[in-house]
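Here, residue 1 is the first one in the sequence, and each next residue gets the next number.
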Amino acid sequence: MNLVVHGSWSADTFFLWAESSEAAPRKRGRKPRIPPHPHAASPHSLRIALKDLVPSVEWEAMPTAERVFLLPSVADAPC
């Protein structure tokens, strides 16, 4: 699996997220109001990649959080 890692500030916190070369698993149940990115990497996958890139940081200790980012897109998918 290949990841493209992105980062962005939200208030005073820097967030990291990644797009995966593999499609994200779809969650069962009702369709969310804000659809997730179809290739969003899981927090676990991102931590593994970050551990390889920067082994001196305790990535397992970093909290997870969700933020909504507006991305370039067409009617039903991101560009």
Side-chain angles (χ1 to χ4, degrees):
M1 169 185 353
N2 294 317
L3 297 181
V4 176
V5 178
H6 301 274
S8 181
W9 286 98
S10 178
D12 61 348
T13 304
F14 190 72
F15 285 85
L16 292 172
W17 68 282
E19 294 174 87
S20 172
S21 58
E22 299 174 5
R26 292 183 180 230
K27 293 183 180 179
R28 303 182 97 191
R30 296 172 71 184
K31 204 173 189 181
R33 192 172 67 102
I34 300 172
H37 192 287
H39 286 271
S42 70
H44 178 72
S45 299
L46 179 57
R47 281 190 171 111
I48 290 171
L50 292 171
K51 193 173 188 175
D52 288 343
L53 292 170
V54 189
S56 61
V57 175
E58 292 286 330
W59 294 106
E60 292 82 14
M62 297 293 169
T64 59
E66 290 187 15
R67 291 291 185 266
V68 174
F69 290 98
L70 299 176
L71 301 173
S73 61
V74 292
D76 60 349
C79 295

Exercise answer: donor-acceptor pairs, residues 38-46 side-chain atoms, under 3.5 Å, sequence neighbours excluded:
from	atom 1	to	atom 2	distance (Å)
H39	ND1	S20	O	3.2
H39	ND1	E22	O	3.2
S42	OG	S45	N	3.1
S42	OG	S45	OG	2.9

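- Of all non-hydrogen atoms in G7 and L16, the two that sit nearest each other are CA-CD2, 4.0 Å.
- When the side chains of ILVMFWY residues are joined at heavy-atom separations under 4.5 Å, either directly or via intervening members, V5 and M62 end up in a single hydrophobic cluster.
- Taking hydrophobic clusters as Ile, Leu, Val, Met, Phe, Trp and Tyr residues chained together by side-chain heavy-atom distances below 4.5 Å, F15 does not share a cluster with V4.
- Applying the salt bridge (charged side-chain N to carboxylate O under 4.0 Å, His left out) criterion to E58, with sequence neighbours excluded, gives no partner residue.
- Pairs engaging residues 41-53 under the salt bridge (Lys or Arg N to Asp or Glu O under 4.0 Å) rule: K51-E60 [sequence neighbours left out].
- Hydrophobic clustering (side-chain heavy atoms under 4.5 Å, transitive across Ile, Leu, Val, Met, Phe, Trp, Tyr) groups V54 together with F14.
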